[in-house]
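Along the sequence shown, residues carry numbers from 1.
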Amino acid sequence: MSSREIIKAVVLDVVEEVSGPIEDIAPGDLLVDGLGLSSLHLARITAVLEQELDLDPFIELVPITDVRTVGDLYDAYDLAAAAGTGDLAAAATDAASGPTWAPAAAPAAAGEDAAAARREAARRGRDLRAQARGGA
């Protein structure tokens, strides 16, 4: 099972406990506002993923407050895996190019949220590039 499949399975388990059975989740699904999870659910998800994947991207690489979607979780764990192999520069370059998942089409009313998400992704990319170059 790939790390993304494990992440998806763990998130699905918790979402189904909270909301009942659902068919599927997508990378663009919002964890809190879309799937109904709370910060305690997110803490549980990250604890299970740390055990399953032997990775914790939230120690130094990614602020947990930056994780809004299922795709953000994928990207955080991809970055942690790359950092574990010493390929942080490549991971930072990948993160700077945007999410590795294709976001679902957002309703027109969510335009401001989408713009804020793009600004946040750009900021994270700049931070990761600076970290890869040895900056703080």
Separation between CG (Asp75) and CG (Leu61), nearest 0.5 Å, reads 12.5 Å
For Asp24, enumerate each residue passing the salt bridge (charged side-chain N to carboxylate O under 4.0 Å, His left out) test, keeping only those at least two apart in sequence or located in another chain. Lys8
Consider only side-chain heavy atoms of I, L, V, M, F, W and Y, link residues closer than 4.5 Å, and tell whether Leu40 and Ile64 are in one cluster. no
Exactly one of Val70, Leu30, Leu12, Thr69 should register a side chain to side chain contact (heavy atoms under 4.5 Å, CB included) with Leu35. Which one does? Val70
Tell me the salt bridge (charged side-chain N to carboxylate O under 4.0 Å, His left out) pairs involving residues 33-42, sequence neighbours left out? none
According to side-chain contact (heavy atoms from CB on, under 4.5 Å), who are the partners of Ser3, at least two apart in sequence or on a separate chain? Leu53, Asp78
Passing candidate, side chain to side chain contact (heavy atoms under 4.5 Å, CB included) with Leu31, options Val11, Ile25, Val14: Val11
With side chain to side chain contact (heavy atoms under 4.5 Å, CB included) as the test, would you mind laying out the steps for Ile45 and Ile7 before giving the verdict? CA-CA 8 Å; Ile45 288 169; Ile7 293 166; over 6 Å; no
Can you list every pair that meets ring-ring contact (aromatic ring centres under 6.0 Å, His included) and has a residue in residues 1-20, with sequence neighbours left out? none
Check salt bridge (charged side-chain N to carboxylate O under 4.0 Å, His left out) between Glu17 and all other residues, then give those that pass, not counting sequence neighbours. Arg44
Closer than 3.5 angstrom, by distance alone: can the side chain of Asp29 be matched with the main-chain N or O of Ala26 as a donor-acceptor pair? yes
Do Leu42 and Val32 come close enough that some side-chain heavy atom pair is under 4.5 Å? yes
In terms of hydrophobic clusters joined by side-chain contacts under 4.5 Å, are Leu73 and Met1 together? yes
What ring-ring contact (aromatic ring centres under 6.0 Å, His included) pairs are there with at least one residue in residues 28-62, not counting sequence neighbours? Phe58-Tyr77
Heavy atoms of Pro21 and Glu16 approach each other most closely as CA-CG, 4.0 Å
Name all residues meeting the side-chain contact (heavy atoms from CB on, under 4.5 Å) criterion together with Ser2; count only those two or more places apart in sequence or in a different chain, and write none if there are none. Arg4, Glu5
Non-hydrogen atoms of Pro57 and Ala80 that approach each other most closely: CB-CB, 3.6 Å
Looking at residues at least two apart in the chain, or sitting in another chain, which of them share a salt bridge (charged side-chain N to carboxylate O under 4.0 Å, His left out) with Asp66? Arg123
Pair Leu55-Leu49, side chain to side chain contact (heavy atoms under 4.5 Å, CB included): steps then yes or no: CA-CA 7 Å; Leu55 295 170; Leu49 290 174; over 6 Å; no
Just jot down the side-chain contact (heavy atoms from CB on, under 4.5 Å) partners of Glu50, sequence neighbours excluded, or say none. Asp56
